[in-house]
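Written below as structure tokens is the structure these notes are about.
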Amino acid sequence: MKKRYIVLAAVVLGTLLVGLCLGAARRGVVGDDRRDFAAEAFRGASDTRYVQLSLYCDRDDYLTPDGMMRVKNSLETSLVAESIAPEGGYLLCGSGEEKVSLTRGTSSAEAVATVYFGNWFGLHPTLPLTGGFVDDSATGVDYCVIDDYAAWRLFGSTDVCGLDIEIDGQIYTVTAVVEADKTDYADYYGITPRVYIRYNSAAMRQRNLSFTALECVLPSPISDFASKTFKEAVSSYGEDIVENTGRYTPTRLWNNIRGMTEMAVADGDSFPYYENISRIRETKCAMILVFEGICYISSALTLAVLLYLVLHPLAVKHREKRAAKKRHAIV
């Protein structure tokens, strides 16, 4: 009998330990993902809840710089109506990718330019390898940020901040070098050099830009305020809105398990590489959570059986003793 108790106790502890290890592995999948935690980073020590929301659209939706300005005005009008100061009170970014040519002296490279409106690095927080990010209000000089692929290709070094490069024949000053994605998801980032420039900088002034990603961090002092405000502002450009905040929490993952095949990158869907990575991470986390839940349920059921086997004989003995006392009292 005691051997059976020991085996069941070992099963309880074993499945519980496996569940805890799977939980650690699930959190490890999220790893260095900073982009989906921009709301938490922006909130800081504030008591106000912030929500991060994204909309991914096609070029045919014509989310132009003028359209981004209309979205910006709509969001700020809603914030002012709730007595929230727009200045420094939220984050907004529209972005798209363009093919450009980079030149430095005799060195050149074809590159992918992330062309952005608003605070790209606020919504994609990252620590530069060298240098720093210039405030969006800086004028007079065109600035750019390049990744280390571009830095090595053009300069043979990452210590290049303050130096100039040409983007499509226009001069830009490099302010920072960021690290290219070299993790397990590097295929989605690609090996093509990347550069980050503002939509109204010299190389982009003659292009008909249409952004394909719109991202925002909004305060939500009351339930659903951020979501409703964002949906109203972007209604002309699509309805497939992603709420990044809490996308890796167990509750969100459990809710998404039924549609697990839709969570990963689907054929025909066009998302920025970073959203593809987030969706794959989300799918992996959901799969791990399934097995994690099985372990915890198994542990709980085995514990219930063990408690029954231990307590049931004791309860029977207790009832027998009470019955014996009653018989003795009658006699």
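- Residue pairs satisfying the side chain to side chain donor-acceptor pair (under 3.5 Å) criterion with at least one member in residues 77-94, sequence neighbours excluded, are listed as follows: Glu76-Tyr90.
- The minimum heavy-atom distance between Gly131 and Cys161, with the atom names listed, is CA-SG, 3.4 Å.
- Among residue pairs with one or both ends in residues 170-180, those qualifying as side chain to side chain donor-acceptor pair (under 3.5 Å) are Asp164-Thr173, Tyr172-Ser201; sequence neighbours excluded.
- Taking all atoms of both residues into account, the shortest heavy-atom contact from Thr158 to Trp152 is CG2-NE1, 3.4 Å.
- A side-chain contact (heavy atoms from CB on, under 4.5 Å) with Val18 is found for exactly one of Leu20, Leu22, Leu16, namely Leu22.
- Heavy atoms from other residues, nucleotides or ligands lying under 6.0 Å from CD1 of Ile222 number more than 12.
- Taking the side chain to side chain contact (heavy atoms under 4.5 Å, CB included) definition, one finds that Ser46 meets it with Arg43, Thr48, Tyr50, sequence neighbours left out.
- Criterion: ILVMFWY side-chain heavy atoms under 4.5 Å apart, direct or through other members. Under it, Ile297 and Trp254 are not part of a common hydrophobic cluster.
- Thr106 contributes atom OG1, which lies 10.0 Å from atom CZ of Arg104 (distance to the nearest 0.5 angstrom).
- The structure places CG of Asp142 at 8.0 Å from CD1 of Ile197, a figure rounded to the nearest 0.5 Å.
- Side-chain contact between Phe133 and Thr126 is present, with at least one heavy-atom pair separated by less than 4.5 Å.
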Residues 298-310 side chain polar contacts: donor-acceptor under 3.5 Å, at least two apart:
from   : atom 1 : to     : atom 2 : distance (Å)
Ser298 : OG     : Ile294 : O      : 2.8
Ser299 : OG     : Val12  : O      : 3.2
Thr302 : OG1    : Ser298 : O      : 2.7

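- There is no path of hydrophobic side-chain contacts, each under 4.5 Å, that joins Phe42 to Phe225.
- When all heavy atoms of Phe230 and Leu214 are compared, the closest pair comes out as CE1-CD2, 3.5 Å.
- Leu92 and Phe211 fall within the same hydrophobic cluster, where Ile, Leu, Val, Met, Phe, Trp and Tyr residues are linked whenever their side-chain heavy atoms come under 4.5 Å apart, directly or through other members.
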Please determine whether side chain to side chain contact (heavy atoms under 4.5 Å, CB included) holds for the pair Val145 and Val174, giving the CA-CA distance in whole Å, both sets of side-chain angles, and the decisive distance to 0.1 Å. CA-CA 6 Å; Val145 173; Val174 178; over 6 Å; no
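- Under the 4.5 Å side-chain contact rule for hydrophobic residues, Tyr188 and Phe271 share a cluster.
- Annotation for Leu79 and Pro219: closest pair CD2-CG, 3.7 Å, computed over non-hydrogen atoms.
- Among residue pairs with one or both ends in residues 144-158, those qualifying as salt bridge (Lys or Arg N to Asp or Glu O under 4.0 Å) are Asp148-Lys182; sequence neighbours excluded.
- Under the 4.5 Å side-chain criterion, counting only non-hydrogen atoms from C-beta, Ser101 is in contact with Glu110.
- Residues Ala150 and Ile146 come closest through the heavy atom pair CB-CB, 4.0 Å.
- Among pairs with a residue in residues 8-32, those fulfilling salt bridge (Lys or Arg N to Asp or Glu O under 4.0 Å) read Arg26-Glu292, Asp32-Arg281, at least two apart in sequence or across chains.
- Side-chain contact check for Tyr273 versus Thr114: every heavy-atom pair is 4.5 Å or farther apart.
- Applying the side chain to side chain donor-acceptor pair (under 3.5 Å) test to every pair with at least one member in residues 59-69, sequence neighbours left out, gives these pairs: Arg59-Glu98.
- Of the inter-residue distances, the one linking Leu209 atom CG with Met68 atom CE reads 12.0 Å to the nearest 0.5 angstrom.
- Leu13 shares a hydrophobic cluster with no other residue; no ILVMFWY side chain has heavy atoms under 4.5 Å from its own.
- When atom types are taken as modelled, the side chain of Asp181 and the backbone of Tyr189 share no donor-acceptor pair closer than 3.5 angstrom.
- Atom CG of Leu123 sits about 5.0 Å away from atom CG of Leu91, to the nearest 0.5 Å.
- Every salt bridge (Lys or Arg N to Asp or Glu O under 4.0 Å) that Asp168 has, sequence neighbours left out, goes to Arg207.
- Annotation: side chain to side chain contact (heavy atoms under 4.5 Å, CB included) contacts of Ser74 (sequence neighbours excluded): Ala233.
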Tell me, with the steps shown, if Arg34 and Leu127 meet side chain to side chain contact (heavy atoms under 4.5 Å, CB included). CA-CA 10 Å; Arg34 292 192 181 99; Leu127 295 175; 4.2 Å; yes
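- Annotation: side chain of Pro65 is not in contact with side chain of Asn200 (no heavy-atom distance under 4.5 Å).
- When every heavy atom of Val100 is checked against every heavy atom of Val195, the shortest pair comes out as CG2-CG1, 4.0 Å.
- Within the 4.5 Å cutoff, no side-chain heavy atoms of Leu129 are placed close to those of Val178.
- With rounding to the nearest 0.5 Å, the separation of CG in Leu253 from OG1 in Thr283 is 9.5 Å.
- Following chains of ILVMFWY side-chain contacts shorter than 4.5 Å, one can reach Tyr149 starting from Tyr196, so the two form part of one hydrophobic cluster.
- The side chain to side chain contact (heavy atoms under 4.5 Å, CB included) test applied to Arg35 returns Asp33, Gln52, Ser54, Tyr56, His124, Glu215, Asn244, Arg247, Tyr274, Glu275, Ser278, not counting sequence neighbours.
- Here the CZ-OH distance, from Phe121 to Tyr116, works out to 5.5 Å after rounding to the nearest 0.5 Å.
- Pairs engaging residues 219-237 under the side chain to side chain donor-acceptor pair (under 3.5 Å) rule: Arg70-Tyr237 [sequence neighbours left out].
- Looking at heavy atoms from C-beta onward, Cys93 lies out of side-chain contact with Asn119 at the 4.5 angstrom threshold.
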